[in-house]
There are 2 protein chains.
Amino acid sequence: MATIRDVAKEAGVSVATVSRVLNNKGYVTKETEKRVELAIEKLKYKPNAIARSLSIRKSNIIALVVPAINNPFFPEIAKAVEDVAQAKGYKVFLCNTDDRRDRLIEYLHSLRDNFVDGIIINSENLTEADLEDLKQQDIPVITIDRVLSNQAFSSISVKNRYGGQLATNHLIQVGCQRIGHLSGPENVVTAKDRFWGYRDQLKNFDWFDQSWIVKVDFSIEGGYHGMKELFQRHPDIDGVFAANDLIAAGALKAAFEWGRKVPDDLAIVGFDGIDITELTIPRITTIQQPIYEIGKLAMEEVLRFINNSKATAKNYELDVKLIQRESTMR
Amino acid sequence: MATIRDVAKEAGVSVATVSRVLNNKGYVTKETEKRVELAIEKLKYKPNAIARSLSIRKSNIIALVVPAINNPFFPEIAKAVEDVAQAKGYKVFLCNTDDRRDRLIEYLHSLRDNFVDGIIINSENLTEADLEDLKQQDIPVITIDRVLSNQAFSSISVKNRYGGQLATNHLIQVGCQRIGHLSGPENVVTAKDRFWGYRDQLKNFDWFDQSWIVKVDFSIEGGYHGMKELFQRHPDIDGVFAANDLIAAGALKAAFEWGRKVPDDLAIVGFDGIDITELTIPRITTIQQPIYEIGKLAMEEVLRFINNSKATAKNYELDVKLIQRESTMR
DNA sequence: CATAGATAGGTAACCGATTACATTTTGATT
DNA sequence: AATCAAAATGTAATCGGTTACCTATCTATG
């Protein structure tokens, strides 16, 4: 592999000049520029990105750290992030922590050590302390679905509690009398907020108590088993608010097996607005997040911090909206 | 940030000694080792990965390049790759090309320039020439679903043609008389092979011709529209082999809207064996690939090449098997 | 014509590790 | 005590870029 010194020699100039041509920076005559370009061509020279990173302490890479790529929510976010990143000449590396704190920590170290220019992260098991290093090194970190009290970084989230209210209200509107909740893991902030929204709407009903809530994983299996649990506890259940769409899909499956017709015997509302809610039969009513917007905004925030290290953090809270489909049409 | 020289000074030794302690290489007395470790502790020293990479030309990072993370097939592969990688101290960066050649090329350049230690790639629009650079630099590349004639690198694929035969045969067995095929994009090798398998089983029927085949994207929407097209062309269609599970799921949806009962009016077989085939109602019969195995094997091959630059390429062709579910039970 | 400022290009230090090679210390052997 | 190999540590070059600082040339201006 040719180095910049080889090119300099070939073109009969100094390395500084070659570097100037490479980054079109500083004064170089058209003529020398041509000579250098010819030399580059001839030697098939490719600048070494690592050496460059070491020198300027930037990599043109941003990382997107997600807890579970098998939740379609994250690929959709990723798509938006990549679109914006690519337009600005950045590359995106996706890191999947599989919900494990050890992997998260390792990735964070690795990213810091490799001079990524920014990090977009969605993770439950993330503490402020984990980001201390990054902050110290001025590596912008944007959190999704997680507002850190540390006001160093921007965050993007949605109105989860309001969404929970919307969903529950909708179930009441369509005539449900006994509404259960398949809640996400309790340490997850979004899950908690959605739960609160649900509770807000039901706390004054006399039939309502804790037994209407089952905590499950954010997964199809979680929803499936959780729904069966709810059927067992409350055979008279006629509506359920699932903390995300995967859970809702699992609940739908469970209802089918349990012999309950959706929406007539059981109305279901999910949360997120991922594509599979349109695939199921019946299609699932959901609280739609502006997923693409979230990813886009996150990446734009990263860029804002990259371009201005003194940028001030903002906490964005985006709107959600109810999309009614057959799973609640009765 | 403290550097290795700071540590050396603090511990009263040379940088070489510090490096030796860091990589426990060479001779160091227990005593100096302690002193160095204390200094590291005190200064909160973290070795700079970029500098290290520049020096040893390795990064402990391997990349997984996929065409579409929103196809659950790839997250499942990713999981396997990550599991093996992590066990061996490697980190995995996921690169999503979104099926675009320009992004693929950019990623490949970027990966080469950043000294990734290995690449696992699944991409249709990949030519041998694209890998020339990587080969030259001894960066192992393992292809999934794509056998390159260039025998420099290993490949992992499955018996796609046989799978197509299995699927079609199964449809015949359960009594289908008119069997269509929702084929993947024609430039995709796996799609082509699955098609051949389908054709093998039907070419001798006198009703069979090209009109029973519709080419679609490997997506739910693709399957949805393709199936409607098939219904229009052939109202008497009673079985369909979809080139992957997403297509099958779309077909299922279309059948529902078209008023055809699955499996009674239309039997459906998919391909891949991703989780959503168990979620749909009815669940979808599919040709199951050993997805986790594929990812695991790919990563193991990468490691084999990393540890032995003279390793010889192998072309693995794994088995597939029919998993019968309700979508063909009649 | 002298001079200042702009333009063009070069030299060498630096980013932060690794490591070949050199040097010193240790300890066993005779 | 002399000798020598093994053990321990140090020096400085190297990986391949960037860039602060320096020098030389060119042009415009009074």
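What you see is a predicted model; the values in this text were computed from it and never measured. A note on names: the letters A, B, ... follow the listed sequences, proteins ahead of strands, and every chain is numbered from 1.
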Is any side-chain N or O of [X] closer than 4.0 Å to OP1 or OP2 of [N]?
X      : N       : result
S14(A) : dG10(C) : yes
Y27(B) : dA8(D)  : no
K25(B) : dT18(C) : no
S53(B) : dA17(C) : no

**Q.** Considering all heavy atoms, the nearest L104(A)-N125(A) contact
**A.** CD2-O, 2.9 Å
Q.
Tell me the closest heavy-atom pair linking P140(A) and F305(A), and the distance in Å.
A.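 That closest heavy-atom pairing would be CB-CB, 3.4 Å.
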If I take atom [atom1] in residue [X] and atom [atom2] in nucleotide [N], what distance separates them, rounded to the nearest angstrom?
X       : N       : atom1 : atom2 : value
K58(B)  : dT19(C) : NZ    : C1'   : 17 Å
I4(B)   : dC15(C) : CD1   : C1'   : 14 Å
L54(A)  : dG17(D) : CG    : C1'   : 8 Å
N24(B)  : dA7(D)  : CG    : C1'   : 17 Å
N114(A) : dC15(C) : CG    : C1'   : 15 Å
K30(B)  : dA8(D)  : NZ    : P     : 10 Å

(Q) By nearest heavy atom, map M1(B) and T29(A) onto DNA chain C; which one lands nearer the 5' end? (A)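 Result of the comparison: T29(A).
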Q. Closer to the 5' end of DNA chain C via nearest nucleotide, is it T17(B) or A51(B)?
A. A51(B)
Starting the side chain at C-beta, find the nucleotide from [options] nearest to [X].
X      : options                  : result
N48(A) : dG17(D), dG9(C), dG16(C) : dG17(D)
R5(B)  : dT18(D), dT7(C), dG16(C) : dG16(C)
R57(A) : dG16(C), dG9(C), dT18(C) : dG16(C)
S55(B) : dA8(C), dA17(C), dT18(D) : dA17(C)
S19(A) : dA8(C), dT19(D), dG9(C)  : dT19(D)

(Q) Need one value for F115(B): base, sugar-phosphate or nothing, where a base atom within 4.0 Å counts as base even if backbone is also close, heavy atoms only. (A)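 F115(B): no heavy atom of the nucleic acid under 4.0 Å.
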Q. With nearest nucleotides of DNA chain D determined for V13(B) and T3(A) from heavy-atom distances, which residue corresponds to the more 5′ nucleotide?
A. V13(B)
Q | Polar side-chain contact R52(B)-dG16(C) base: donor and acceptor under 3.5 Å | A | no
Q. With distance as the sole criterion, do the side chain of R20(A) and the base of dG10(C) form a donor-acceptor contact below 3.5 Å?
A. yes
Q: Compare all side-chain heavy atoms of E300(A) with those of V84(A) and state whether any distance is below 4.5 angstrom.
A: yes
